[in-house]
Amino acid sequence: MMLDEINEIAQRQREKETGFRHRINVCIAAGCLSSRSDDIVAAFEEEIARRGLEKSCRVKGVGCLGLCAGGPLVAVEPAGILYRGVAADDVGEIVDALPGSPLARLHCPRETPFFQRQQKIVLENCGWIDPTAIEDYIAADGYQAMHTALTRMTPEEVTREVSRSGLRGRGGAGYPTGLKWSTVAKAESATKFVVCNADEGDPGAFMDRSVLESDPHRVIEGMVIAGWAVGASRGFIYLRAEYPLAVKRVKAAIAAAERSGLLGGSLFHTPFGFDIKVRLGAGAFVCGEETALIASIEGRLGRPRPRPPYPAEHGLWGAPTLINNVETFANIPPILRNGSGWFAGIGTEKSKGTKVFALAGRVRNTGLIEVPMGTTLRDIVYAIGGGIREDRTFKAAQTGGPSGGCIPEEHLDLPIDYDSLVEVGSIMGSGGMIIMDETACMVDVAKFFMGFCCAESCGACVPCRVGTTQLHRLLERITAGHGTAGDLARIEDLCDLVQNTSLCGLGQTAPNPVVSTLRYFRDEYEAHIQEGRCPAGACKLGQ
Amino acid sequence: MAHPPFDPRHAAHPTGSRPAPILTLKIDGQDVGARSGDTILTVARENDIHIPTLCHLEGLSTLGACRLCLVEVAGANRLLPACVTAVREGMAVTTRSERLQTYRRKLLELFFSERNHVCAVCVSNGHCELQDLADTLGMTHVRYDYLYPPAAIDASHPRFSVDHNRCILCLRCLRACEEIEGAHTWDVMGRGIDCRVITDLNQPWGESESCTGCGKCVQVCPTGALTEKGRAVAEMVKNKEFLPYLRIMRRRTF
């Protein structure tokens, strides 16, 4: 494929789109699809065919529209009308309302802070393009960045551009992406690999799943550019089998890219070729850890090994390997398209760009959001999230999943970026954010996350295998009203041991939810132990 | 005939191969020399500096899983496992600070709390590496709950038996079987506290089709988890001469 062919496809697709007076976009990402949004697509098609409107009205399945709490969602373009909670029975009325004002019963105004306060880079195509149509992605400037990188830039220039953008790894630790790329680029080896870590497993997180379901080509494009930059010609997407829709869409996207000559040998008639294969994970949380992920791709037991050596030096089958997560790769095409300066102008001094969060818990507007780094927690909870349900009060936000911590009310005005979160005892993680109100028992929350780590520990090292189990038992005892005076000291001592002696990141960070709840909500622990009551009335003791 | 000028490098290495560079470092304040690629544990042992280990065994691949060999390295934020950490020029390693010894005792406590390690009724009493370490590191009691998950004894093999209550999941058996014997009879199943070593696809050991009955796994097991049948407590001594044999075999294989 050559650039003019891509431009031709884009042009044709855009003309096709603008040829319709009304375009009905129905969300077919996992959330809405689970409410049978595929039936809604079929109902619209039937209704439009029945009324003979095929030439003026088009129905399309699109990726995530964001406001998952309101699903199934339907957008009518170019009028910019959004409908929430749509059922197949509503289709007739919506079609009736097409020429006039929106159907008030289902209308979801887009002038609310939920939509206005977001800035979409990673999710720019979500809700607009059909994830199953490569032409749609190409029409949205897709594969332009790949063409620029492969035909007009040297690998060093690409890496430098990524470095200058200030992009940090979106998988959790926030390691500078450009630095990682240049390390792999410098490794001397005839064989190198690029791996996309799509083993998202944090409770409450669905950012990567949504990106893969809604815009899979963006991740493919990012991976090819990465392959060119580091000198790798093969890539793997390590995707958990628990995401069947994402698996289906990613596989279809790879096949479409291969058919179009955008994957495979001599891309854009250059000597560079790149292949991508999907590897399915069986859903072990520890396989998100890069050395365990590598072992799993190699067909071995998904257990981590001590680092160093890091995968950049000794990765898949011993070859230098670049591992980035889905969101990191998804950021690459827009960075190359718009320039590193544009990207570096968004966000805070040390955390550039935007971050996608899966906003869950007790806020009104749960769903997928993307905000510039540095947006305050208050903005996320009250403006975008619409405040706490049932007019209750905010108690804490849990970020970073089982490796993260809880942020209390006193830090509501905290600008969210990698470093500020660490300062208050939590982490960015991959972007799960669970909002809790006063009905949440923080000891119970800590117990939940410890139970998760206990069950997901691979069992290789004793502090993680036995230490987390002991911690879970202690927390269980406290929530059951059997806590004793020395338990808090015992918990703190065990947290220190597990953090400092575990083999991999899972164990090293497993005590974080306990440590952070002890830091901010120690009085709740004490109330459980000394007074035998649960202040929130939520755990076993409170019932 | 004119001779080329003498070059000591060629004289010493006619094949052109270069020796591994020699590095110098400090372990517990003592200056030691090492070859590039050596691990901290190897160098420490060469210099009679004792670092405790349970999963490590000379001749087998390294795991870094028992965490007992963690050491402090100046400039590193984290504690590093001596068995897999390669030495570097000028490195300063501490192997027995108070912090490390405390962590080691606590890790041993976790081992003891996990399954049933009541020495008095164990066939390896007096010949057990876990027991020895508790003794040398001064671990006198366990402050954690005893978990004692249900664990069976498999005595279906005609010559050996496995008691999962004594297993510490060091996976020496697995590695000896896979890397030295080449049978790969042993494997691991389950996660976290439910981890178990298994034979074949979790079949009784006696029904295993891959087991060659060589007994290497029994000899490398540090505790009373793998034992020979028909031996009394005083007789259940693991064959120490077996270890150099493993080393030689491994060198020949790789």
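Note that this is a predicted model, so its numbers are computed, not measured. Naming convention: chains lettered A, B, ... in sequence-line order (proteins, then strands); numbering from 1 in each chain.
Neither the backbone nor the side chain of R305(A) comes within contact range of chain B, judged by heavy atoms closer than 4.5 Å. Heavy-atom distances place the side chain of L301(A), and not its backbone, under 4.5 Å from chain B. I193(B) touches chain A through backbone and side chain together, each having a heavy atom under 4.5 Å away. Neither the backbone nor the side chain of L474(A) comes within less than 4.5 Å of any heavy atom in chain B. When heavy atoms are compared at a cutoff of 4.5 Å, L54(B) does not approach chain A at all. For chain B, no part of T468(A) is nearby; none of its heavy atoms comes within less than 4.5 Å. Of the atoms belonging to T501(A), heavy atoms from both backbone and side chain fall under 4.5 Å from chain B. Contact annotation for I168(B): only backbone heavy atoms (N, CA, C, O) come within less than 4.5 Å of a heavy atom of chain A. Only the side chain of R99(B) comes within contact range of chain A, with at least one heavy atom under 4.5 Å from a heavy atom of that chain.
In terms of heavy-atom pairs under 4.5 angstrom with chain B, the leader among A455(A), C454(A), P306(A) is P306(A). Here V188(B) is the residue among T102(B), V188(B), D194(B) with the most heavy-atom pairs under 4.5 Å with chain A. When L110(B), L63(B), L70(B) are compared by the number of non-hydrogen pairs under 4.5 Å with chain A, L110(B) comes out ahead. Of the residues considered (C453(A), S502(A), P308(A)), S502(A) shows the highest number of contacts with chain B, using heavy-atom pairs under 4.5 Å.
No hydrogens or angles considered: nothing links the side chains of T223(B) and S124(B) as a donor-acceptor pair under 3.5 Å.
At least one donor-acceptor pair under 3.5 Å links the side chain of D163(B) to the backbone N or O of N165(B). Put simply, the side chain of R115(B) gets close to the backbone of H164(B): a donor and an acceptor are under 3.5 Å apart. For the pair N500(A) (side chain) and L497(A) (backbone), a donor-acceptor distance under 3.5 Å is absent.
Looking at R303(A) and E289(A), no side-chain N of the basic residue comes within less than 4.0 Å of a carboxylate O on the acidic one, giving no salt bridge.
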Item to complete: Evaluate the criterion ring pair (Phe, Tyr, Trp, His ring centres under 6.0 Å) for residue pair F112(B) and Y146(B); output intermediate values, then yes/no.
Response: CA-CA 8 Å; F112(B) 274 93; Y146(B) 286 107; 8.7 Å; no
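Using a 4.5 Å cut-off on side-chain heavy atoms (C-beta onward), F448(A) and P203(A) make contact.
In this structure, R168(A) forms a cation-pi arrangement with Y418(A), its terminal cationic atom sitting closer than 6.0 Å to the ring centre and no more than 45° off the ring axis. For the pair R209(A) and Y243(A), the cation-pi test (distance below 6.0 Å, angle within 45°) is passed.
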